[in-house]
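Comments concern the structure below.
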Amino acid sequence: MFRPKLPAMPQPTVTVAPPAVVVEPTTITPGTPVPPPAPTAPASVTSRPTVQLTPGTALALVGGGTAVVLVVGAVLVSMLLAVAITAASVAVCAVVLRSLLASDAKRR
């Protein structure tokens, strides 16, 4: 009952041969040798433009960074405030339930 029943594996009836690979010989004809290119500076270094920081660009970067910091700070403070309000409301509910249960116990 608790022993697994393994399926019977039928034995293959036909042997399968691997596909035949045909190799065709190629002839190599000598040609004119190509001289190696002259060593130059890498293309990525010479074609990359240099970044110039103008006063307007620097001011935009500082303003953008300040805006990001203010937005992230506001979001974090609002989340902290939401947690504090939730904790206070749960504490008030606990006090009210405790007083209700205590007054019910006094009546009996």
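Values below: all heavy atoms of this structure, side chains included; hydrogens, waters and symmetry mates excluded.
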Between OG1 of T54 and CG of L59, what distance do you get to the nearest 0.5 Å?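 Interatomic distance, T54 OG1 to L59 CG, rounded to 0.5 Å: 9.5 Å.
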Sequence-distant partners of S99, side chain to side chain contact (heavy atoms under 4.5 Å, CB included), two or more places apart: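 Side chain to side chain contact (heavy atoms under 4.5 Å, CB included) check on S99 returns nothing, list empty.
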Considering only distance and modelled atom types, tabulate donor-acceptor pairs under 3.5 Å from the side chains of residues 75-82, sequence neighbours left out.
unit_1: S78; atom_1: OG; unit_2: A74; atom_2: O; d: 3.2
unit_1: S78; atom_1: OG; unit_2: V75; atom_2: O; d: 2.7

Under 3.5 Å, sequence neighbours excluded: what are the donor-acceptor pairs made by side chains of residues 62-69?
unit_1: T66; atom_1: OG1; unit_2: V62; atom_2: O; d: 2.8

T86 versus S89, side-chain donor and acceptor atoms under 3.5 Å: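 No donor-acceptor contact under 3.5 Å links the two side chains.
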